[in-house]
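Whatever order the structure lists ligands and atoms in, that order sets their numbers, starting from 1.
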Amino acid sequence: MTDTTKTLCPYCGVGCGLEVAPPSQPGKATNRDSEGTPIWKVRGDRDHPSSQGMVCVKGATIAEALDKDRLLYPMVRDSLDEPFRRVSWEEALELVVHRIQAVRYTQGPDGLCMYGSGQFQTEDYYIAQKLMKGCLGTNNFDANSRLCMSSAVAGYIQSFGSDGPPCSYDDLDETDCAFLIGTNTAECHPILFNRLQKHRKKNRKVKMVVIDPRRTPTAEAADLHLAIQPGTDIDLLNGIAYLLMRWSYQDSLFMDDCTSNFPAYVEVLKHYPPDIVASRCGIEVKDLEMAARYWGQAENVLSLWSMGVNQSWEGTAKVRTIINLHLMTGQVGKPGAGPFSLTGQPNAMGGREAGGLSHLLPGYRTVKDPEHRAAMEQFWGLKPGQIAVRPGRAAWDIITGLEAGEVGFLWIAATNPAVSFPDLDRTKAALRRSPFTIYQEAYYPTETSAYAHVLLPAAQWSEKAGVMTNSERRITLCPAFRKAKGEARADWEIFAEVGRRLGFIEQFAFKNSAEVYDEFVQTTRGRVCDMTGLSHARLAAEGPRQWPCPDSGTVDSARLYTDLRFPTADGRARFAAYHSKGLAEPPDAHYPYVLTTGRLYGHWHTQTRTGRIEKIRKMHPNPFLEIHPRDAKAIGIQDKDWVEVQTRRGTARFPVTVTRSLAPGTVFVPMHWGALWADQAEANALTHPAVDPDSLQPELKACAVRLVPLAVAQEDIHQEKSGVRLIAEGLLGR
Ligand SMILES: Nc1nc2c(c(=O)[nH]1)N[C@H]1C(S)=C(S)[C@@H](COP(=O)(O)OP(=O)(O)OC[C@H]3O[C@@H](n4cnc5c(=O)[nH]c(N)nc54)[C@H](O)[C@@H]3O)O[C@H]1N2
Ligand SMILES: Nc1nc2c(c(=O)[nH]1)N[C@H]1C(S)=C(S)[C@@H](COP(=O)(O)OP(=O)(O)OC[C@H]3O[C@@H](n4cnc5c(=O)[nH]c(N)nc54)[C@H](O)[C@@H]3O)O[C@H]1N2
Ligand code: SF4
Ligand SMILES: [Mo]
């Protein structure tokens, strides 16, 4: 390809490098999608160290979704029942600024709220923090990452003294034993999974253990699949630790020198003999023992986890219990080993660096720490005490805040909560009560546009320059290589413009995103995530880099904690002592099944992009519910029959897929179908909002349901909603 641009895949946290080239090049046929529209050519970037040229179907087809159904102009309306009318940016921004001022003076800064996304670039995140937490003095900035990896953040901070996944993808090539816990890596982090599989093919002794209630494609490939009952991870992990102790696999030297709180942990472990653990988890004692042997005998153990761990009302405890095993056996700070949280979104990591959750500040700082607040106040040129002392509203607190009338201004950007939030009936009712909601999006419509008073068109990946950090702390520059659609603007530019109009001229005097990045990296100086050595220019010239990357001295950034010192007060990593709480909503006589929810290989979340790509739509045409043959028989249904799923909160309807891939008692539905893509197939109409007390992450992975067979054939209810595009064009054409 000539005229290529190197960039990063904007979907998952693997962060594969891409090379893109314009549709037309001299002497070559124009590149077109299945509908004949010219589209950019995309292929894997062989030079990208994280992916070495590989891409999955999502990355390979990204160009097909970039131009369809875009939100092109600002639009406003006075109430949710009215149609939108197109307005100028000037009018839209004046309205926004006027509203911010009104709420500041009537309700105070706590009435303002922003809900962003791990699909922001770091520059977007940083400017949003400066605006909300700095200039406006409210910590009410949260992001969809709260639903995603906030338990991993909390777990790392509590165990190690700081956030930050300590591993690299290179560890996948060097491990002897990989524990994949609550992660369907084959479908959700496919390129990373391929890398592990390659290593295992070359080295037959390398073990892979998968811990997941479902027999996913990931579990199919494992040496050992522990199909535990949902929510029993802590029992299992404590049971493994019990056996490691019994068989003297612990690394006492490491524990003596580098850890604290081991005695409390040992107290807890006493209660986890194999027979009790196996029966609670619904597995066999011999499999539990085999898992412990694999861990104990391996030279280097790497654990990988994602939503099966984090999305739980005891997610932080699960994370810490995983880390316990590493501390007990000295499996951290060396090649092929360590507790490795896989981030879901392309820039969930950048969000953490920029302080993009309501309890964080830039540079891996926390709101609660007075020194951290003071440092940021000084850095931003604000008066002492300007940053609020308390953490702001986390995701679900926004809903309760709307219900209580405490949120007067809600700004949603780069996320689609009318599909992705728990307890959707309640979520939607709260959104409907919002006095003023801005929705800043690349596409129109999405399910959330129905709840907006103002729509602001966002430039998306390919149309704006910025950086993203993938799961292995590697930062890649994503240059702009196409013109923004319509009047769309980069998220950070919109935030900065609003900041200037509010009078913070100096704070937001950036000419471009490279300048934003230059300022941001200064907030990381001397921190675990130091990246003062980076700039857009350097990333463009030298390619992607991992942090830490300070501007002086050389550091080995491949792994954290190689010196076995941890950023806690005493330099030691802390053991945690947890018993399992079980599920927040256990099954009972009225709601006898556990529903779990998750992802499919081709689709990305709420389908705003992948739903518009024919190849992917064909791959996953309909929502469905997976059920074990025994349960299907018990309620008198067969494959493809329809059931209504009922919970204490809401209902949804699906055709069933009868499968032995999950145990009796558990059913599964994918999360991808919101109200625009199917009727009554919303996973989150069913889920509940119980959250982890430390991370405030909701338990999206389990709720109690009952299943009612639907007598009538319901073939038409999931008929594809081809109206989506018509609505968009009709309204945009006004
Ligand atoms: N194809 C695709 N890939 C994606 C995404 C996408 O939308 N589509 N999204 C990205 C994002 S943002 C994220 S967060 C990641 C998510 O990546 P994953 O976490 O791998 O995906 P999920 O399907 O949400 O859940 C993983 C597994 O958790 C299991 N599970 C449920 N309950 C439990 C439990 O109690 N214990 C254990 N051990 N396991 C349990 C489920 O059966 C499921 O197989 O994927 C990223 N990659
Ligand atoms: N039941 C259940 N619910 C879940 C989960 C689950 O496993 N089960 N997983 C949770 C998790 S881990 C996640 S991460 C969330 C994801 O949930 P969401 O964040 O709601 O899902 P997306 O579809 O990724 O929404 C991102 C939106 O950002 C828009 N966008 C893309 N680029 C840009 C940009 O540059 N600027 C702007 N302004 N907009 C842009 C896209 O068009 C899209 O509409 O869902 C959560 N909800
Ligand atoms: S694995 Fe993730 S980052 Fe890589 S191409 Fe697929 S979606 Fe993109
Ligand atoms: Mo996520």
May I ask whether Lys318 has any heavy atom positioned less than 4.0 angstrom from an atom of ligand 1?
yes
Taking N or O atoms only and a 3.5 Å limit, does Thr216 qualify as a polar contact for ligand 1?
no
Enumerate the atoms of ligand 2 whose separation from the nearest heavy atom of Thr606 is less than 4.0 angstrom.
20 (O), 21 (O), 22 (P), 23 (O)
Looking only at non-hydrogen atoms, the one of Leu700, Thr446, Asp491, Thr687 nearest atom 36 (N) of ligand 2 is Asp491
Do the charged groups of Glu585 and Arg649 touch, with an N to O distance under 4.0 Å?
yes
Mind checking whether Lys58 has a heavy atom under 4.0 Å from ligand 1?
yes
Between Glu699 and Lys581, is there a side-chain N and carboxylate O pair less than 4.0 Å apart?
no
Closest non-hydrogen protein atom to atom 17 (O) of ligand 1, residue and atom name please, with distance?
Cys188 CB, 3.4 Å
Per atom 29 (C) of ligand 2, closest listed option by heavy atom (Met307, Glu441, Gln311):
Glu441
Which heavy atom of the protein is the closest neighbour of atom 31 (C) of ligand 2, given with residue, atom name and distance?
Arg609 NH1, 3.9 Å
Between Glu463 and Arg482, does any NZ, NE, NH1 or NH2 come within less than 4.0 Å of an OD or OE carboxylate oxygen?
yes
Atom 28 (O) of ligand 2 has as its nearest protein heavy atom Ala414 C, 3.0 Å
Counting each atom of ligand 2 from 1 as listed, which ones have a heavy atom of Ala458 under 4.0 Å away?
36 (N), 37 (C), 38 (N)
Taking the ring of His326 and the ring of Trp295, is the distance between their centroids below 6.0 Å?
yes
Pair Tyr115 and Phe421, ring centroids less than 6.0 Å apart:
yes
Heavy-atom contact check, 4.0 Å cutoff: does Leu600 meet ligand 1?
yes
May I ask which of Gln345, Gln607, Arg70 has a heavy atom nearer to atom 14 (S) of ligand 2 than the others do?
Gln345
Has Val419 got any heavy atom lying under 4.0 angstrom from an atom of ligand 2?
no
Using a heavy-atom cut-off of under 4.0 Å, does the side chain or the backbone of Asn684 touch ligand 2, or both, or neither?
side chain
Ranking His605, Met671, Arg599 by closest non-hydrogen atom to atom 12 (S) of ligand 2, top hit is Arg599
I'd like to know whether ligand 2 has Gln121 as a neighbour, heavy-atom separation below 4.0 Å.
no
Let me have the donor-acceptor pairs involving side chains of residues 208-219, under 3.5 Å, with sequence neighbours excluded, atom names and distances please.
residue	atom	partner	partner atom	Å
Asp212	OD1	Arg214	N	2.8
Arg215	NH1	His225	ND1	3.2
Thr216	OG1	Thr218	N	3.3
Thr216	OG1	Ala219	N	3.1
Thr218	OG1	Asn184	OD1	2.6
Thr218	OG1	Thr185	N	3.1
Thr218	OG1	Ala186	N	3.0

Is the distance between the ring centroids of His628 and Tyr593 under 6.0 Å?
no
I need the atoms of ligand 2 closer than 4.0 Å to a non-hydrogen atom of Ala459, numbered in the order shown.
34 (C), 35 (O), 36 (N)
Does ligand 2 have a heavy atom under 4.0 Å from the side chain of Thr608, from its backbone, from both, or from neither?
side chain
Between ligand 1 and His672, can you find any atom pair, the residue atom being a heavy atom, that is separated by under 4.0 Å?
yes
Is the distance between the ring centroids of Phe141 and Trp411 under 6.0 Å?
no
Looking only at protein heavy atoms, what sits closest to atom 15 (C) of ligand 2 is Ser420 CB, 4.0 Å
Hey, is Lys464 touching ligand 2 through its side chain, its backbone, both or neither, going by heavy atoms under 4.0 Å?
side chain
Are any of the N or O atoms of Asn416 closer than 3.5 Å to those of ligand 2?
yes
Can you list everything that forms a side chain to side chain contact (heavy atoms under 4.5 Å, CB included) with Pro586? Sequence neighbours excluded, please.
none
Under 4.0 Å, heavy atoms only, figure out whether ligand 2 is touched by the backbone of Met149, its side chain, both or neither.
neither
Report yes or no: does Cys148 have a heavy atom closer than 4.0 Å to ligand 1?
yes
Of all the atoms in ligand 1, which lie at a distance below 4.0 Å from a heavy atom belonging to Gly231?
34 (C), 35 (O)
Nearest protein heavy atom to atom 32 (N) of ligand 1, by residue and atom, and its distance?
Thr596 OG1, 3.7 Å
